[in-house]
Number of protein chains: 2
Amino acid sequence: MAKVKVPKLPTVRRLPTYLYKLSEMRKAGVEIVATPELARYMNLGEIVIRKDLALTGVSGQPGVGYKVRELIDAIKRYLNWNNVSEAVLVGAGALGSALMGYEGFEEYGLRIIAAFDADPMKIGTEVRGRSVFDIDRLEELTRRLQVRMGIICVPADQAQDIADRMVAGGIKAIWNFANVSLKVPDDVIVQREVIAGGLAVLSVKMSRKLVEEDAQD
Amino acid sequence: MAKVKVPKLPTVRRLPTYLYKLSEMRKAGVEIVATPELARYMNLGEIVIRKDLALTGVSGQPGVGYKVRELIDAIKRYLNWNNVSEAVLVGAGALGSALMGYEGFEEYGLRIIAAFDADPMKIGTEVRGRSVFDIDRLEELTRRLQVRMGIICVPADQAQDIADRMVAGGIKAIWNFANVSLKVPDDVIVQREVIAGGLAVLSVKMSRKLVEEDAQD
DNA sequence: CTTAAATCGATAAAAAAATATCGATAATAA
DNA sequence: TTATTATCGATATTTTTTTATCGATTTAAG
């Protein structure tokens, strides 16, 4: 199968932020929202906002704006966040625990139902309400539970091995927080989260600003 | 001051991954690396690799490859990761603790020296070796410690307030893990990390694949 | 009813990023 | 030495993303 191409990547990344804002508005009883307000909130241009919202398929009303409720539904539908996806998480360390502790995921259609770790001190314990199983049972349990999504929170040098086991257990989508690019069969999707990448961008912005300031004097 | 523009954003985001691989190679005693090997490791095309490395200013030798050590130095220099930046972190919850527990940051020139929180249960305790101070002391301590970088790990609805206090305390660079776009003066840089954004991309890839599979039958 | 202000969305232009082409350089083997 | 293979990096092309322009629709005020 061909690689899965997602067009409008930046837009998709922004959708959760719209969703948060729109949910807050709905809670506050607001029914209509116009582009300029969202643009101010997002610190983006109005055109960007309209393009982003257009991707989800909603139409606004000229001179008026968009219906908040309609937007929320459209975004959730586009992301398929109406249906809950169950996932297993491997690596119950600091980051893994943090992800399990994040309640917002339920809102995003993600439910982490079990964790795995190699550390005997962790196996058998509970982290944020989920049991931590022996990593050696990953394949077996994943298959039995029919889970199709896996989250990798182990150090980089162990990530490929975990990915292989996940694939063996029938996992079709991997959310990878390790600092490596994983090799998986064509029918498995990987989304990588490179936290250090954000720090790299920040670092470059900082040094850029320094030289710009120098240049201005 | 004008907004800081960083060209080649995708390249910068990839640099930490090169850095990890190259460091491993150096540890293993490897002195020379050629594009094809890195391309396999990164799951990218060879041209991408050469463009990425060119950004840091290094020159490879045709027919041979690049010097591992030279590449490491060049990447670190480009990211300014040779010099340590001290940072304060606000929000000693699950994610905040995870970031403080990540030892790799030292390698990236980042040292988190103190944490802040509003929870009386946390104030006065230590998390991963750093004291947790009362959030009300953020401005004072930041100023006294001369810290220029702040990391925000609080819920979205509190993030702007924290950012304002950071700016008041003299912070010039903010790494923001909250799901909001912050408003700050022009001389302050913000880098936002939207974890949910990655999940959104993964979700779209998954539903895309489903429809593609449907179409193939 | 007419006019003005606000807003959407289609189309077009500009900028950035990904991808391809190809000549030049260096190591290795004949 | 010469031919072959491996590799780099400059240039060009294509694709994607961002930004701009402008007509059409709606509300509200005169």
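Computed from a predicted model, the values in this text were never measured in an experiment. Here is how names work: the chains are called A, B, and so on, in the same order as the sequence lines, proteins then strands, and each is numbered from 1. When reading the values below, keep in mind they use all heavy atoms of this one structure, side chains included, and skip hydrogens, waters and symmetry mates.
- Screening A:Val88, A:Ile174, A:Leu110 against A:Met149 for a side-chain contact (heavy atoms from CB on, under 4.5 Å) leaves a single residue, A:Leu110.
- At the heavy-atom level, A:Gly60 lies under 4.0 Å from the strands shown only through sugar-phosphate atoms.
- Here the C1' atom of nucleotide D:dT19 and the NZ atom of A:Lys51 are 8 Å apart, to the nearest Å.
- For A:Thr35, a side-chain nitrogen or oxygen approaches OP1 or OP2 of C:dC8 to under 4.0 Å.
- For A:Tyr20, the ring-ring contact (aromatic ring centres under 6.0 Å, His included) test picks out no residue, with sequence neighbours left out.
- Distance A:Arg13 CZ to D:dT18 P: 12 Å, rounded to the nearest Å.
- At the heavy-atom level, B:Thr11 lies nowhere under 4.0 Å from the strands shown.
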(request) Between protein and nucleotides 21-30 of chain C, map the contacts as a letter string: B base, S sugar-phosphate only, - none, heavy atoms under 4.0 Å, written 5' to 3'. (result) ----BS----
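- Within 4.0 Å (heavy atoms only), B:Lys8 reaches sugar-phosphate atoms of the nucleic acid but no base atom.
- Residue contacts for B:Gly65: at a heavy-atom cut-off of 4.0 Å it reaches the sugar-phosphate backbone alone, with no base atom in range.
- Remark: C1' of D:dA6 and CD of B:Glu46 are 10 Å apart, rounded to the nearest angstrom.
- Rounded to an integer number of Å, the gap from B:Tyr66 OH to D:dA6 C1' is 13 Å.
- Atoms CG (A:Leu55) and C1' (D:dT16) sit 14 Å apart, rounded to a whole Å.
- Two residues are said to be in side-chain contact when any heavy atoms from C-beta on lie closer than 4.5 Å; A:Met206 and B:Ile189 meet this criterion.
- Checking side-chain atoms of B:Ser207 against main-chain N and O of B:Ser203 turns up a donor-acceptor pair under 3.5 Å.
- With contacts defined as side-chain heavy-atom distances shorter than 4.5 Å, the pair B:Leu53/B:Leu38 qualifies.
- Salt bridge annotation for B:Glu24-B:Lys27: present, with a cationic side-chain nitrogen under 4.0 angstrom from a carboxylate oxygen.
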